[in-house]
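Working notes for the structure below.
This chain uses plain numbering: 1 for the first residue, then up along the sequence. The basis for the numbers below is simple: all heavy atoms, side chains too, and nothing from hydrogens, waters or symmetry mates.
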Amino acid sequence: MVDFATAASYPGWLADPAAAQTEQRSGDVYDCTDRLGGTVCQFTRTEEQYGTDSTQTVLVRDDVVVTVRQSNYPTDDLLGAIVTRIWG
């Protein structure tokens, strides 16, 4: 858990190209949408070393930040299952 102000600012930071260049080491810019009762931000890239797709998904809801990373294997609504487990 993080404080509410930090959680509220997180999606904007993830989707900001300037932050991607200066603060996020990978330079990835997330695509953010409102769903699952919060804001979900996600990016996918191809890992050069292995040639596989890697996706990172971040959900910010209330004062909780949930991160799911997957590489070359679908998570089949893992984030939805986590939301159900936490928020019911």
Side-chain angles (χ1 to χ4, degrees):
M1 295 179 95
V2 296
D3 65 82
F4 186 78
T6 300
S9 69
Y10 200 56
W13 177 75
L14 291 172
D16 181 4
Q21 295 305 313
T22 60
E23 298 176 36
Q24 299 175 29
R25 295 174 195 239
S26 63
D28 295 311
V29 177
Y30 291 67
D31 179 35
C32 298
T33 58
D34 291 332
R35 62 185 175 102
L36 296 172
T39 302
V40 176
C41 299
Q42 184 175 64
F43 79 88
T44 300
R45 69 172 167 205
T46 300
E47 296 293 339
E48 291 179 27
Q49 183 175 2
Y50 304 107
T52 60
D53 286 338
S54 177
T55 300
Q56 182 165 324
T57 306
V58 177
L59 166 68
V60 178
R61 181 173 170 178
D62 302 327
D63 58 350
V64 177
V65 177
V66 178
T67 302
V68 174
R69 293 181 183 172
Q70 68 188 61
S71 184
N72 207 32
Y73 193 81
T75 57
D76 295 333
D77 198 34
L78 174 60
L79 188 58
I82 292 170
V83 166
T84 300
R85 185 71 161 173
I86 294 173
W87 287 278

Checklist entry - Excluding sequence neighbours, so at least two apart, what forms side-chain contact (heavy atoms from CB on, under 4.5 Å) with Thr67? => result Gln56, Val58, Val65, Arg69
Side-chain atoms of residues 70-77: list all donor-acceptor pairs with protein atoms under 3.5 Å, sequence neighbours left out, distances to 0.1 Å.
unit_1, atom_1, unit_2, atom_2, d
Gln70, OE1, Thr75, OG1, 3.1
Asp77, OD1, Gly80, N, 3.3

Item to check | Member of Val83, Ile86, Val68 meeting the side-chain contact (heavy atoms from CB on, under 4.5 Å) criterion with Leu59 | outcome: Val83
Item to check | Pairs meeting criterion side-chain hydrogen bond (donor to acceptor under 3.5 Å, both in side chains) with involvement of residues 32-41, two or more places apart | outcome: Asp34-Thr39
Item to check | Closest approach of Val40 to Thr57 (non-hydrogen atoms, all atoms of both residues) | outcome: CG1-CG2, 3.6 Å
